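All remarks here apply to the structure that follows.
Letters A, B, ... are given to chains in the order of the sequence lines, protein chains preceding strands, and every chain is numbered from 1. What you see is a predicted model; the values in this text were computed from it and never measured.
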Protein chains: 2
Amino acid sequence: MPKQSDIDRVFHALGDPTRRAMVETLGSGPASVSALAKPLGISLAAVVQHLQVLEESGLVTTEKVGRVRSCRLEPKGFRVAEQWIADRKSLIERKFDRLEALLSEEPTPPSGDEP
Amino acid sequence: MPKQSDIDRVFHALGDPTRRAMVETLGSGPASVSALAKPLGISLAAVVQHLQVLEESGLVTTEKVGRVRSCRLEPKGFRVAEQWIADRKSLIERKFDRLEALLSEEPTPPSGDEP
DNA sequence: TTGATTGTCAAGCCGACGCTTAAGTGATGG
DNA sequence: CCATCACTTAAGCGTCGGCTTGACAATCAA
């Protein structure tokens, strides 16, 4: 089970549109820092800062070979976010089910109480 | 398909730990503004501000009856976030599959090209 | 009506965050 | 070796976001 601080880090990381754009770029395969920077129109330094956040959140891993750092998506962080959302959704739907059961007043309810 | 601005709003809303705590509270059923404020230890005004963000993101709906505003989770916003994450994850896993295919050098590959 | 409850609005404070520039490091190519 | 490339680090700047306080509804109970 992921710790609270893991959840905090992942959602904080995904909260920024620039970082999400980087994640989307990485969706089509590993990329270097400058390749990530190009479509964003911001400085390399800014990208590096975002990468640090993404790495600490477990959404991205990087590996430096020679003078280029290669970045790729990491499933771990995504599972954390996915799980949290799935948990909330299941709660909503459980309520919905109960509501439906109440509203639909079936002709043959579990325990008939109509006249 | 959700618009970019929808995605922005949802992830921005979920990016704040206080708002996520509110969502978790609402997981066990609808609650009033002051009920939401109690476990957080912040002012009512702050909670109302967070509620505005949550409502604009489609994660929460509220309805005022009498002098109490009742807040509940709304599936719509969650689907937006879930979808975005699922999309990224599918990309990661697709890569993984291809990698496995390459690494495992099957004895009977789809199109044999060995000597 | 009076008073308490429940929430809303406006203003302002302040720390966190995203970004920039500038200077520095290490690998690579000629 | 020297220049270039691909980052990295540090410092600083401006804005945004979360929170508070205080004044102001609106509703309910006695």
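The side chain of B/I42 approaches D/dC19 more closely than any other nucleotide in the set D/dC19, C/dT20, C/dC19. Nearest nucleotide to the A/A45 side chain, out of C/dA10, D/dT9, D/dC7: D/dT9. Comparing atom distances between the A/A46 side chain and each of C/dT20, D/dC7, D/dT4 picks out C/dT20 as nearest. Side-chain proximity of B/K64 to D/dT8, C/dG7, C/dT21: nearest is C/dG7.
OP1 or OP2 of D/dT20 has at least one side-chain nitrogen or oxygen of B/S43 nearer than 4.0 Å. For the OP1/OP2 pair of D/dA6 and a distance below 4.0 Å, the side-chain nitrogens and oxygens of A/S32 include no atom meeting the criterion. Contact check, B/T18 against D/dC19: a side-chain N or O comes under 4.0 Å of OP1 or OP2.
Rounding to whole angstrom units, CZ of residue B/R69 and C1' of C/dC9 are separated by 13 Å. With rounding to whole Å, A/E63 atom CD is found 16 Å from C/dA27 atom C1'. Atom pair B/M22:CE and D/dC19:C1' shows a separation of 13 Å (rounding to whole Å applied). Protein atom NE2 of A/H50 is 9 Å distant from nucleotide atom C1' of C/dC17, rounded to whole Å. Going from atom CG of A/L51 over to atom P of C/dC17 covers 17 Å, rounded to whole Å. Distance A/E56 CD to C/dC17 C1': 14 Å, rounded to the nearest Å. In this structure, the CD atom of B/Q52 is 13 Å from the C1' atom of D/dG18, given to the nearest Å. Counting to the nearest Å, the C1' atom of D/dT15 and the NE2 atom of B/H12 are 13 Å from each other.
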Test B/E55 against B/T62 for side chain to side chain donor-acceptor pair (under 3.5 Å), laying out the working first. CA-CA 8 Å; B/E55 220 172 337; B/T62 76; 3.1 Å; yes
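Interface remark: the B/Q49 side chain does form a donor-acceptor pair with the D/dT20 base, using a distance-only criterion of under 3.5 Å. A donor and an acceptor atom never sit less than 3.5 Å apart when one is taken from the side chain of B/R67 and the other from the base of C/dT6.
A salt bridge links A/D8 with B/R20: the closest approach of a Lys/Arg side-chain nitrogen to an acidic carboxylate oxygen falls below 4.0 angstrom. A salt bridge links B/E82 with A/K89: the closest approach of a Lys/Arg side-chain nitrogen to an acidic carboxylate oxygen falls below 4.0 angstrom.
At a threshold of 4.5 Å between non-hydrogen side-chain atoms, the residues B/W84 and B/D6 do not count as touching. Side-chain contact check for B/V23 versus B/L73: some heavy-atom pair is nearer than 4.5 Å.
Each of B/D16 and A/V68 lies near DNA chain D, and the nucleotide nearest A/V68 is the one positioned closer to the 5' end.
At the heavy-atom level, A/L44 lies under 4.0 Å from base atoms of the strands shown.
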